[in-house]
Amino acid sequence: MNYPWHLYFMAAIYIGAGFMHFAKPEMYMRILPGYLPGHKFLVNFSGFAEIILGIALCFTPTKDFAIYLIIAMLTFFLPAHLHMLFDKRAAMGLPKWILIWRIPLQFALMYWAYWYLRI
């Protein structure tokens with residue numbers, strides 16, 4: 001359990017993001033594409049998953065499994081980011097350049113998580 005500080009920083013980001021799903025669920029429901037059913041369930045489930053996976057990153061027996069699940073989770077988040085790019089209401093007034101950069105950011109976050117499999 002003696003990991004570098006930045007792994008714990010990543011864990012804190014996911015835990016914080018997970019709690020935001022419960023603090024501002026309407027914001028997260030707005031960015032989900034209309035073809036996905038059960039927006040409230042998906043927002044709650046993804047928030048719970050982010051909290052659990054963030055905590056799991058901090059413990060040796062669960063770290064690697066949490067990393068694989070985080071990469072999968074970020075992959076499943078891609079449709080929401082694309083939806084934000086092409087739907088004005090979902091974009092929440094964010095500039096187009098931010099919406100575009102969120103997509104490669106997802107892949108950077110995946111790589112960041114993957115990098116911790118080596119430690």
Side-chain angles (χ1 to χ4, degrees):
M1 281 188 25
N2 193 13
Y3 295 125
W5 67 268
H6 37 87
L7 176 67
Y8 297 109
F9 178 66
M10 177 192 283
I13 289 172
Y14 285 110
I15 293 167
F19 278 113
M20 286 303 296
H21 283 71
F22 299 103
K24 303 264 186 196
E26 303 84 18
M27 178 180 74
Y28 290 94
M29 285 190 279
R30 182 191 303 180
I31 69 172
L32 289 173
Y35 61 82
L36 292 175
H39 285 181
K40 183 147 180 76
F41 170 78
L42 291 173
V43 168
N44 288 335
F45 180 78
S46 60
F48 182 71
E50 284 185 297
I51 293 167
I52 296 301
L53 293 174
I55 293 168
L57 281 175
C58 300
F59 300 98
T60 303
T62 55
K63 177 184 74 71
D64 288 354
F65 187 61
I67 288 169
Y68 287 118
L69 290 178
I70 285 170
I71 293 168
M73 179 181 68
L74 292 171
T75 302
F76 285 114
F77 287 174
L78 282 170
H81 292 289
L82 290 170
H83 180 62
M84 288 182 74
L85 181 60
F86 297 111
D87 184 280
K88 190 173 181 107
R89 183 177 173 273
M92 297 184 292
L94 292 171
K96 191 68 106 176
W97 69 270
I98 289 178
L99 298 171
I100 291 168
W101 275 102
R102 288 183 62 164
I103 295 165
L105 175 63
Q106 289 296 109
F107 292 100
L109 290 172
M110 289 178 205
Y111 179 76
W112 186 23
Y114 179 77
W115 188 82
Y116 290 113
L117 289 172
R118 299 183 298 173
I119 60 170

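Start at 1 with the first residue, then count along the sequence. Side-chain atoms are counted along with the backbone in the values below, which use heavy atoms only and exclude waters and symmetry mates.
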Trainee: Rounded to the nearest 0.5 Å, what separates atom CD1 in I70 from atom CE in M10?
Mentor: 6.5 Å

Trainee: Using atom types as modelled and distance alone, determine if a side-chain donor or acceptor of K40 lies under 3.5 Å from a backbone N or O of E26.
Mentor: no

Trainee: Out of curiosity, D64 CG to L69 CG, how far, rounded to the nearest 0.5 Å?
Mentor: 11.0 Å

Trainee: Determine which pairs satisfy side-chain hydrogen bond (donor to acceptor under 3.5 Å, both in side chains) with at least one residue from residues 69-80, sequence neighbours left out, and list them in order.
Mentor: none

Trainee: Supply the atom-to-atom distance H83 NE2 to R89 CZ, rounded to the nearest 0.5 angstrom.
Mentor: 8.0 Å

Trainee: To the nearest 0.5 Å, what is the distance between CG (L99) and CG (L85)?
Mentor: 6.0 Å

Trainee: Heavy atoms only: give me the nearest G54-A11 pair and the separation to one decimal.
Mentor: O-CB, 3.1 Å

Trainee: Report yes or no: do Y68 and Y116 belong to one cluster of Ile/Leu/Val/Met/Phe/Trp/Tyr joined by side chain heavy-atom distances under 4.5 Å?
Mentor: yes

Trainee: Applying a strict under-4.5 Å side-chain criterion to I, L, V, M, F, W and Y, I'd like to know whether I98 and L82 cluster together.
Mentor: no

Trainee: Identify the heavy atoms of M110 and L78 that sit nearest to each other, and give their distance.
Mentor: CE-CD1, 4.2 Å

Trainee: Grab the two heavy atoms, one from A66 and one from A56, that are nearest each other, plus how far apart they are.
Mentor: CB-CB, 3.7 Å

Trainee: Could you see if F107 belongs to whatever hydrophobic cluster contains F76? Use Ile, Leu, Val, Met, Phe, Trp, Tyr and a side-chain cutoff under 4.5 Å.
Mentor: no

Trainee: Give a yes or no on whether Y8 and F65 share a hydrophobic cluster (residues Ile, Leu, Val, Met, Phe, Trp, Tyr; joining criterion: side-chain heavy atoms under 4.5 Å apart).
Mentor: yes

Trainee: Rounded to the nearest 0.5 Å, what separation is found between the CE atom of M92 and the CE atom of M84?
Mentor: 3.5 Å

Trainee: Taking all heavy atoms of F59 and all of Y3, pick out the closest pair and write down the distance.
Mentor: C-OH, 4.3 Å

Trainee: Are the side chains of P4 and F9 in contact, using a 4.5 Å heavy-atom criterion?
Mentor: no

Trainee: Rounded at 0.5 Å granularity, tell me how far CD1 in I31 sits from NE2 in H81.
Mentor: 6.5 Å

Trainee: Is there a path of hydrophobic side-chain contacts, each under 4.5 Å between heavy atoms, that joins L57 and Y111?
Mentor: yes

Trainee: Which heavy atom of L94 sits nearest to which heavy atom of R102, and what is that distance?
Mentor: CD1-NH1, 4.2 Å

Trainee: Run the side-chain contact (heavy atoms from CB on, under 4.5 Å) test on I103 and Q106 for me, step by step, so that the C-alpha distance in whole Å, both residues' side-chain angles and the decisive distance to 0.1 Å come before the verdict.
Mentor: CA-CA 5 Å; I103 295 165; Q106 289 296 109; 5.8 Å; no

Trainee: Between I13 and W112, is the side-chain contact (heavy atoms from CB on, under 4.5 Å) condition met? List the steps.
Mentor: CA-CA 13 Å; I13 289 172; W112 186 23; 4.0 Å; yes

Trainee: Which atom pair, heavy atoms only, marks the closest approach of M73 to L53?
Mentor: SD-CD1, 4.2 Å

Trainee: Pairs in or reaching into residues 12-43: which pass ring pair (Phe, Tyr, Trp, His ring centres under 6.0 Å), with residues at least two apart or in two chains?
Mentor: H21-Y28, F41-F45

Trainee: Strictly distance-based, threshold 3.5 Å: is any side-chain N or O of K88 a donor or acceptor partner for the main-chain N or O of G93?
Mentor: no

